[in-house]
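The structure appears right after this line, and notes come after that.
This chain uses plain numbering: 1 for the first residue, then up along the sequence.
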Amino acid sequence: QVQVVESGGGLVQAGGSLRLSCVASGRIRSINAMGWYRQAPGQQREFVAIITSDGDINYADSVKGRFSISRANDKNTVYLQMHSLTPEDTAVYYCNADVNLSGVYGVRSPIYWGQGTQVTVSS
């Protein structure tokens with residue numbers, strides 16, 4: 001019983017910026033990591049960025065230097081700040097959360113996914 005909800009998608013012009021938000025809620029004791037993936041029409045879902053509970057960050061090569069992932073103080077909310085957007089960035093962006101469930105110990109954390117938010121970049 002965990003919910004992951006993305007927001008902030010929309011239509012932007014090439015070269016513009018957009019900030020996506022993701023909130024994980026429910027019976028969560030703690031969160032190990034949260035990340036962003038994206039999927040363009042006819043393409044497979046690809047990794048974008050991830051941040052762990054101790055602050056380690058990794059990016060896909062395609063977004064390094066343009067995108068930045070960060071987390072709020074409560075660590076249940078993450079952001080994806082996107083700059084210098086191009087039409088190739090057009091996709092549905094999905095957030096996931098690697099969580100430890102409340103009252104559950106000794107079992108590996110499941111991964112929960114949001115429903116995605118559409119980002120469209122016009123040329």
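The CE atom of M34 lies 12.5 Å from the OG1 atom of T52; values are rounded to the nearest 0.5 Å. Separating the CD atom in Q1 from the CG atom in L101 is a distance of 9.5 Å, to the nearest 0.5 Å. Atoms CD1 and CD1, from I57 and I51 in turn, are 4.0 Å apart once rounded to the nearest 0.5 Å. The CD1 atom of I50 sits 10.0 Å away from the CG atom of D56 when rounded to the nearest 0.5 Å.
By the criterion of side-chain heavy atoms lying less than 4.5 angstrom apart, applied directly or through intervening Ile, Leu, Val, Met, Phe, Trp or Tyr residues, I111 is not grouped with V107; the two fall into different hydrophobic clusters. In the hydrophobic cluster analysis, where Ile, Leu, Val, Met, Phe, Trp and Tyr join through side-chain heavy atoms closer than 4.5 angstrom, W113 is grouped together with V92. Residues V104 and Y112 share a single hydrophobic cluster, defined by chaining ILVMFWY side chains whose heavy atoms lie under 4.5 Å apart.
In this structure, R29 satisfies the cation-pi test against Y105, with its NZ or CZ atom closer than 6.0 Å to the six-membered ring centre and inside 45 degrees of the ring normal. In this structure, R45 satisfies the cation-pi test against Y94, with its NZ or CZ atom closer than 6.0 Å to the six-membered ring centre and inside 45 degrees of the ring normal.
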Show every donor-acceptor pair shorter than 3.5 Å between a side-chain atom in residues 8-27 and any protein atom, with sequence neighbours excluded, or say none if there are none.
from	atom 1	to	atom 2	distance (Å)
S17	OG	H83	ND1	2.7

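Here the closest non-hydrogen pair linking A91 and A40 is CB-N, 3.8 Å. For the pair K64 and D61, the tightest heavy-atom approach, listed with the atom from each and the gap, is NZ-OD1, 3.1 Å. Nearest heavy-atom pair, R71 versus V78, reported as atom, atom and distance to 0.1 Å: CB-CG1, 3.9 Å.
Put simply, the side chain of N100 does not reach to within 4.5 Å of the side chain of I28, judged on heavy atoms. By the 4.5 Å heavy-atom criterion applied to side chains, R38 and T117 are not counted as neighbours. Proximity of Y93 to Q39: side-chain heavy atoms (C-beta onward) are nowhere separated by under 4.5 Å. D98 has its side chain out of reach of I31: every pair of non-hydrogen atoms, C-beta onward, lies at least 4.5 Å apart. A heavy-atom distance below 4.5 Å is found between the side chains of I69 and Y59. For the pair M82 and V119, the minimum side-chain heavy-atom distance is below 4.5 Å.
For Q118, the CD atom is densely surrounded, since the number of other residues' heavy atoms within 6.0 Å is greater than 12.
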For this session: Carefully, step by step, assess F47 and W36 under the rule ring-ring contact (aromatic ring centres under 6.0 Å, His included).
Result: CA-CA 7 Å; F47 168 78; W36 289 95; over 10 Å; no
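Not a single side-chain hydrogen bond (donor to acceptor under 3.5 Å, both in side chains) links S68 to another residue, sequence neighbours left out.
S53 and N32 share no donor-acceptor pair across their side chains, judged by distance under 3.5 Å alone.
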